[in-house]
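What's counted below: heavy atoms across the whole structure, side chains too, no hydrogens, waters or symmetry copies. The chains referred to below are lettered A, B, ... by the order of the sequence lines, with proteins before strands, and numbering in each begins at 1.
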2 protein chains.
Amino acid sequence: MRKPTIRDVAKEAGVGVGTVSRVLNNSQQVSTETREKVLAAIAKLGFRPNRIAQRLSRGTRVQNIGVILPFITSPSFVERLRGVQMALSEDDNEYELILYNVSSPERYQAQLATIAQQRLVEGLLVISLDVSQEHREMLTQAGIAFVGVRGLGSNSWPCVGPDNVAGGKLATEYLLSLGHTRIAYVGDDFPDEYSFPTSQDRFTGYASALEEHGIEVNLDYVRLGRYGRDEAKRLTAELLELADPPTAIFAMSDVQALGCISAIREAGLRVPEDVSVIGFDDIEISYYVGLTTVRQHLVESGRLGMRYLLQLLREDGGDVPRLPPLEVIERQTTAPPPG
Amino acid sequence: MRKPTIRDVAKEAGVGVGTVSRVLNNSQQVSTETREKVLAAIAKLGFRPNRIAQRLSRGTRVQNIGVILPFITSPSFVERLRGVQMALSEDDNEYELILYNVSSPERYQAQLATIAQQRLVEGLLVISLDVSQEHREMLTQAGIAFVGVRGLGSNSWPCVGPDNVAGGKLATEYLLSLGHTRIAYVGDDFPDEYSFPTSQDRFTGYASALEEHGIEVNLDYVRLGRYGRDEAKRLTAELLELADPPTAIFAMSDVQALGCISAIREAGLRVPEDVSVIGFDDIEISYYVGLTTVRQHLVESGRLGMRYLLQLLREDGGDVPRLPPLEVIERQTTAPPPG
DNA sequence: GATGGTCATGGAACCGGTTCCATGACCGCC
DNA sequence: GGCGGTCATGGAACCGGTTCCATGACCATC
């Protein structure tokens with residue numbers, strides 16, 4: 001039993017399709033009596049106009065751009081999204097933004113396939129997610145341009161984002177420069193749920209900075225877990241119970257850094273006098289709470305990513321834009337080690 | 001000069017429309033030679049397939065739901081949006097989410113008109129914005145259901161949100177119950193840029209609580225300005241310079257409350273020992289910084305709003321859902337007045 | 001009673017793709 | 001040489017609306 005069309009309604013009401021259309025569009029040119037008949041038929045059949053057909057015949061030309069991102073749960077995604085919005089509103093506004101949110105890793109692949117198949121969007125911005133070779137091909141086949149906003153890696157596709165290895169190194173070097181030697185790393189499990197190696201990359205940078213200073217990586221100081229404040233807090237509590245606890249912690253994200261700080265305070269220690277903490281991201285909260293962190297220009301990455309995508313859609317091509325360099329933002333959670 | 005269609009391409013390439021379509025869809029059933037000819041014609045004419053027509057003929061049935069909200073700048077919008085996403089992903093997922101963001105108040109009205117005219121969406125969720133009588137009629141005419149997620153008021157249309165007057169009263173009563181009598185109010189100008197009376201309503205609650213306790217509203221204690229942390233900080237600095245400064249501040253939003261706290265600390269005073277601060281919203285940051293506030297269930301409001309909209313689209317009707325009651329969340333920024 | 005205007009109405013043509021069916025070329029095999 | 005099969009191809013029909021044009025009813029006017 002297929003959905004009723006305007007012709008079914010016309011037949012049911014005993015009128016022509018034109019009349020039904022006029023009723024639907026509130027034309028004045030319909031007698032009250034006929035209108036009633038048509039409305040009755042519509043109600044009876046449960047008819048709902050097909051928007052696609054409406055738009056085709058009206059000639060409305062709307063272009064869509066898709067943005068896909070993990071469930072809006074982490075502040076860093078939100079900031080990137082904010083940048084995306086900026087780029088879009090700076091533009092001519094000829095595109096509508098369709099937001100796809102990935103609520104579970106399992107569904108992500110299927111969503112990409114659906115996006116390619118539906119061809120609803122002209123372009124897709126992929127925020128903080130990876131796209132497999134297979135899905136890249138699907139998108140290309142469907143004629144959908146795509147750009148990533150995420151950490152750089154061995155990218156075989158255009159991405160705007162930070163070099164996480166360099167960032168991890170930068171954070172660790174900053175702690176080393178303050179005189180710390182017992183430096184812990186708190187991060188996500190590798191590889192994380194979306195099989196995206198952020199934590200791993202930042203750890204690599206951490207390890208290489210230590211190594212360059214002749215410090216061996218102490219696996220007791222490396223604590224990995226699920227992303228989130230509470231898990232980071234738990235991991236930090238474990239660190240503080242070590243016989244030889246770290247004097248500084250590099251948390252792979254600001255959210256996790258906040259968990260670290262909270263654990264340190266609950267253990268009766270002070271930040272930064274007893275333990276220093278540096279985060280990564282520079283989300284808005286960090287400014288409020290005075291967290292020292294590595295600024296990765298989140299808003300700007302969303303903005304540049306979208307801008308580049310728009311450029312691709314206009315077939316201007318051009319180089320992938322680059323973010324300003326990563327920088328350590330010194331606030332109040334880092335200091336030289338005690339003693 | 002209208003855009004080239006598939007028929008133009010077919011003519012140009014000297015083939016049938018079916019063949020062009022096959023090339024577009026990477027069918028195996030086309031000889032290399034023909035494919036080349038078609039591709040050349042496509043390139044020459046600058047042909048781009050019309051997605052609308054594709055979808056109509058393919059029979060793809062995608063429904064869209066629109067969400068319109070002020071530029072993603074305030075955390076409270078983001079939390080509401082998060083709730084929206086939750087509702088949508090709990091559902092059958094038959095809808096795509098189109099995000100409209102209002103970057104300037106002037107453009108807002110025009111955007112609503114465009115939305116009504118385009119008829120791209122089946123329903124519209126309006127977050128933290130007002131919809132005039134005129135625009136409500138336009139939406140209704142276009143057959144677009146809409147629901148608001150914003151403070152209740154003299155609503156002639158369905159909205160899910162807090163009672164701001166009651167909330168303002170609740171916050172003020174809490175401060176009164178601690179023993180404060182010199183209580184200031186820091187909020188947005190009325191009416192604000194989007195002509196939405198949040199600040200006014202919360203102030204009304206504030207005034208009525210004071211009145212019920214026999215305290216006259218002291219206009220020196222009422223400071224209004226642009227929304228934002230820095231402005232609130234400035235206003236608070238002014239308050240602290242009064243001959244008889246307040247011992248407690250009710251900030252109309254958590255973001256503003258953070259500005260208040262920062263001003264108090266910069267003035268060499270302690271929170272809450274010298275001055276208490278209560279906010280409004282209970283955004284995520286408030287948890288991290290230990291801000292006492294009025295919880296208005298932001299995430300839940302987005303969720304319920306979207307859920308109700310989906311229900312309307314299924315024509316189940318039903319009552320507008322109600323949020324759990326507002327509640328004061330006591331944290332570390334409020335205490336009895338000094339002395 | 002003929003003329004002309006207004007108005008509600010039916011229905012064909014159209015929007016721009018996809019898909020299915022008929023056609024004819026070409027090949028291999030009996 | 002006739003037959004059946006495969007394969008590339010053209011083009012009509014279709015998706016489900018909107019719009020325009022022709023039609024005929026009805027009324028007022030001369």
Take nucleotides 11-23 of chain C nucleotide by nucleotide from the 5' end and write B, S or -, depending on whether a protein heavy atom sits under 4.0 Å from the base, only from the sugar-phosphate, or from neither.
-> BB--BBBBBB---
Kindly state each residue pair satisfying ring-ring contact (aromatic ring centres under 6.0 Å, His included) with at least one member in residues 117-152 of chain B, sequence neighbours excluded.
->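 Sorted result for residues 117-152 of chain B: B:Phe146-B:Trp157.
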With [X], which residues qualify under side-chain hydrogen bond (donor to acceptor under 3.5 Å, both in side chains), at least two apart?
X        : result
B:Arg7   : none
B:Glu300 : B:Arg303
A:Lys44  : A:Glu12
B:Arg82  : none

Would you indicate, yes or no, if D:dA8 has its OP1 or OP2 atom less than 4.0 angstrom from a side-chain nitrogen or oxygen of B:Gln29?
->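 Yes, such a contact exists.
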